[in-house]
**Q** 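One structure coming up, written as structure tokens, with questions to follow.
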2 protein chains.
Amino acid sequence: MNTEIIKSRVRAISRELKKSEIHCLIITKSANVTYVTGFLGEDSWTLIINGRSFLVTDSRYTEQAQNECPVCTIIERHEPMANAIANVIKKYKSVEKISVENSTSIAEFGLIKKALKTKVNTVGGVIEKIRMSKDESEITATKKAAAIATKALANTLPNIKPGMTESEVAGMLDFEIRKLGSTNSFETIVAFGPNASIAHHQPTLRKLKKNDTILIDFGAKYKGYCSDITRCFIIGKPDTFYQRVYDVVEKAQQAAIRNVKAGITIKELDSIARDIINLSDLPVYGHGTGHGLGIEIHESPFLNPQAKGPLQVGQIITIEPGVYIPNVLGIRIEDDCLVTKTSCEILTRRCPHKPLLQ
Amino acid sequence: MNTEIIKSRVRAISRELKKSEIHCLIITKSANVTYVTGFLGEDSWTLIINGRSFLVTDSRYTEQAQNECPVCTIIERHEPMANAIANVIKKYKSVEKISVENSTSIAEFGLIKKALKTKVNTVGGVIEKIRMSKDESEITATKKAAAIATKALANTLPNIKPGMTESEVAGMLDFEIRKLGSTNSFETIVAFGPNASIAHHQPTLRKLKKNDTILIDFGAKYKGYCSDITRCFIIGKPDTFYQRVYDVVEKAQQAAIRNVKAGITIKELDSIARDIINLSDLPVYGHGTGHGLGIEIHESPFLNPQAKGPLQVGQIITIEPGVYIPNVLGIRIEDDCLVTKTSCEILTRRCPHKPLLQ
């Protein structure tokens with residue numbers, strides 16, 4: 001990870017902490033640890049004290065941390081995590097106000113308070129707020145994650161044949177991602193026919209038939225950054241109703257994407273896709289129209305009717321309306337968009353988009 | 001999921017709650033939700049009130065929940081989770097003492113208290129304690145998960161050739177798991193040569209050489225239950241030092257497995273493997289000797305020098321000592337064991353164990 005980028009992140013967080021007079025922030029959330037240190041492993045916490053950063057990890061990760069973290073001080077712990085961080089903090093006599101992320105569990109918070117023997121506050125969203133706008137290195141990594149996913153799907157499509165199972169098609173796609181040196185950003189969803197009405201369907205041994213439909217929702221990870229794509233395909237002859245619904249979902253998705261730009265309220269953007277489906281007398285999806293994308297597969301901003309505030313330059317969001325009719329069909333189309341001042345850049349625009357296969 | 005098994009779990013938890021005079025338990029931990037309801041999706045919470053169970057989910061998961069949950073009342077929420085559960089609890093006037101799992105985040109706990117407008121306590125480990133001893137359906141599922149992993153590795157080994165990347169070998173293995181209708185229980189680790197000294201190495205584009213070594217740590221999932229296996233292989237000619245270390249690790253692992261039985265203190269079992277490596281003048285691993293295995297890939301009991309208490313009948317644990325020498329080698333051997341009254345059943349004993357390939 002680039003030293004200057006990590007340094008600038010630590011500075012940005014330290015500035016925020018200073019505003020709230022927080023002398024020490026205890027970071028327990030894995031995605032935030034990654035953002036602040038570059039570390040891609042697990043089970044490790046980060047401290048920010050007086051503008052300095054620390055990664056407290058264990059022997060399983062020491063070597064990995066040495067390779068990945070250019071700025072922070074790496075501490076290999078040999079005692080429970082709460083005691084290990086308390087021992088670092090205690091060395092800094094000037095530290096009075098200590099805060100822990102409010103994504104921390106109640107149990108861990110209890111152990112931290114016990115180990116520190118002092119008052120500890122909680123704070124929410126400090127780093128998530130900074131993470132919402134992506135820097136150049138993050139945009140580059142997400143573009144690469146999108147390109148890998150795109151290539152993997154393009155390599156997979158010609159090999160999908162009737163008789164294959166959902167699980168096998170998911171496996172083929174995942175293998176292509178691995179061959180490109182990447183991993184999944186989440187567990188691949190492959191759903192044939194009506195199985196697609198379950199938005200988060202887990203692939204089964206259900207076989208692909210002639211004149212069947214396929215929904216694939218998947219993504220690749222590059223240097224810790226996620227892509228997230230959904231495509232729907234028809235094998236053989238299209239069904240008239242399916243084709244009609246597909247066209248409505250595509251129209252809703254395209255309309256939302258056309259309206260993505262800094263300044264539009266998230267609520268309004270969400271309603272653009274939702275209204276088109278509603279006006280077509282089709283059931284409106286219960287999930288959000290999209291979500292932020294980055295180190296986490298789902299992160300701020302969340303695009304739903306309750307969302308507050310506008311989109312901002314540098315956010316990367318998914319746009320993914322859908323229609324779900326149990327026992328009949330499920331259709332969702334999803335792309336990843338980088339929000340710009342006047343519109344957006346579709347990072348996944350090259351991903352195969354032909355609904356008809358063969 | 002079997003109705004009677006789920007009912008008996010709800011009863012067992014209700015008995016525990018009664019002892020602590022808890023009228024309502026709010027379950028937020030995904031693995032515990034699965035255990036209590038059979039639901040395999042995400043983002044859903046469970047309530048236990050007066051012996052009744054509820055799953056509070058959203059539209060993405062309603063159909064899945066209907067298929068998977070034979071006992072609980074399924075509630076599709078259209079408001080924030082904390083409000084949704086508060087609205088269920090408020091219908092039960094007799095509910096006075098409410099507890100939430102202490103694995104819940106501080107932020108969510110705050111929202112729950114706000115929505116309920118009443119005192120809410122926290123409680124830890126109620127369900128985890130019950131989950132430690134596996135029932136027949138869990139043992140059957142874990143055996144199947146181990147059998148799938150075993151078959152997948154057996155199918156993969158003959159196809160590993162010099163020139164392939166770590167990522168490609170991981171992909172081949174994952175594909176075999178998918179072809180068997182299963183998914184990974186965690187992200188597959190494949191490490192060639194000295195890369196294996198990083199215990200949780202992420203596969204790279206490093207290519208397999210002639211006379212190289214391979215560490216593979218992986219598992220399959222069946223009906224929500226995990227298997228977890230590590231094997232080390234030598235391609236071509238064995239290196240004398242590698243072979244010596246391998247023999248020590250194998251000896252340590254076998255000695256620990258021979259001593260697994262209900263009643264042995266976990267601390268003692270941990271030290272058996274550790275001492276053999278120490279007496280051979282090799283660096284002792286920094287991780288635990290093993291861990292519980294079930295719905296979570298790592299769950300209680302954790303086998304380490306700080307562990308308290310004895311092993312119990314029905315626990316499923318891994319035994320996985322290792323030796324790690326940065327820039328030289330990493331060797332770990334891991335099997336899954338069902339603890340019995342007098343010894344253990346090795347669930348992964350059929351998994352290929354030949355260190356020499358070709």
Side-chain angles (χ1 to χ4, degrees), chain A residues 29 40-43 58-64 66-67 76 78-80 100-110 122 124-125 165-184 187-188 197-205 285-287 306 324 326-327, chain B residues 29 40-43 58-64 66-67 76 78-80 100-110 122 124-125 165-184 187-188 197-205 285-287 306 324 326-327:
Chain A
K29 186 173 174 172
L40 292 170
E42 286 162 37
D43 295 335
D58 62 66
S59 69
R60 291 173 301 167
Y61 292 111
T62 308
E63 201 182 339
Q64 181 180 344
Q66 284 160 350
N67 295 335
E76 182 180 301
H78 297 274
E79 56 192 331
V100 61
E101 291 188 302
N102 69 6
S103 49
T104 306
S105 75
I106 301 164
E108 285 166 331
F109 186 43
T122 65
T165 66
E166 290 173 342
S167 191
E168 198 173 351
V169 172
M172 283 189 346
L173 178 55
D174 293 350
F175 190 18
E176 293 298 332
I177 291 173
R178 281 288 201 182
K179 280 196 262 185
L180 295 165
S182 179
T183 54
N184 297 110
E187 208 168 87
T188 297
S197 72
I198 298 181
H200 280 198
H201 177 70
Q202 287 157 326
T204 66
L205 294 177
Y285 49 101
H287 56 73
Q306 290 81 42
Y324 309 96
N327 303 313
Chain B
K29 186 173 174 173
L40 292 170
E42 285 162 38
D43 295 336
D58 61 65
S59 69
R60 291 173 302 167
Y61 292 112
T62 308
E63 201 182 338
Q64 182 180 344
Q66 283 159 350
N67 295 335
E76 182 180 301
H78 298 274
E79 56 192 333
V100 61
E101 291 188 302
N102 69 5
S103 49
T104 308
S105 75
I106 301 163
E108 285 165 333
F109 186 43
T122 64
T165 66
E166 290 173 343
S167 192
E168 199 174 350
V169 172
M172 283 189 345
L173 177 56
D174 293 351
F175 191 18
E176 294 297 331
I177 290 173
R178 281 286 200 184
K179 280 195 261 183
L180 295 165
S182 179
T183 54
N184 297 110
E187 209 169 85
T188 297
S197 73
I198 297 181
H200 281 198
H201 176 70
Q202 288 156 327
T204 67
L205 294 176
Y285 49 101
H287 56 73
Q306 290 81 41
Y324 309 97
N327 303 313

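Heavy atoms only: backbone and side chains are in, while hydrogens, waters and symmetry mates are out. Reminder, nothing fancy here: chain letters follow the sequence lines and each chain counts from 1.
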**Q** Is the shortest side-chain heavy-atom distance between B:Arg60 and A:Tyr324 below 4.5 Å?
**A** no

**Q** Compute whether any side-chain donor of one residue and acceptor of the other, for B:Ser197 and A:Glu63, lie under 3.5 angstrom apart.
**A** yes

**Q** Would a 4.5 Å heavy-atom cut-off, applied to side chains only, mark B:Gln64 and A:Gln202 as touching?
**A** yes

**Q** Grab the two heavy atoms, one from B:Gly181 and one from A:Ser167, that are nearest each other, plus how far apart they are.
**A** CA-OG, 3.4 Å

**Q** So which part of A:Val100 gets closer than 4.5 Å to some heavy atom of chain B, the side chain, the backbone, both or neither?
**A** side chain

**Q** Report yes or no: does B:Ser105 contribute a side-chain atom to a donor-acceptor pair with the main-chain N or O of A:Thr104 at less than 3.5 Å?
**A** no

**Q** Give the member of B:Gln306, B:Lys179, B:Glu176, B:Met172 that has the highest number of heavy-atom pairs under 4.5 Å with chain A.
**A** B:Met172

**Q** For chain A, find which of B:Ala170, B:Gly124, B:Ala107 contributes the most heavy-atom pairs closer than 4.5 angstrom.
**A** B:Ala107

**Q** Relative to chain B, which segment of A:Asn184 carries a heavy atom at a distance below 4.5 Å: side chain, backbone, both, or neither?
**A** backbone

**Q** Do you know which of B:Thr165, B:Thr188, B:Leu173 has the most heavy-atom pairs with chain A at a distance under 4.5 angstrom?
**A** B:Thr188

**Q** Can you tell which part of A:Leu40 gets under 4.5 Å to a heavy atom of chain B, answering side chain, backbone, both or neither?
**A** both

**Q** Give, for atom OG1 of A:Thr62 and atom CD1 of B:Ile198, the distance between the pair rounded to the nearest 0.5 Å.
**A** 10.0 Å

**Q** Where does the angle between the aromatic ring planes of B:Tyr61 and A:His200 fall among parallel (under 30°), tilted (30 to 60°) and perpendicular (over 60°)?
**A** perpendicular

**Q** Give, as side chain, backbone, both or neither, the part of A:Asp174 having an atom under 4.5 angstrom from any heavy atom of chain B.
**A** side chain

**Q** Going from CD on B:Glu168 to CG on A:Leu180, what distance comes out if it is rounded to the nearest 0.5 angstrom?
**A** 10.0 Å

**Q** Please find the pair of heavy atoms, one from B:Pro203 and one from A:Arg178, that lie closest to each other, and give the distance.
**A** CG-NH1, 3.5 Å

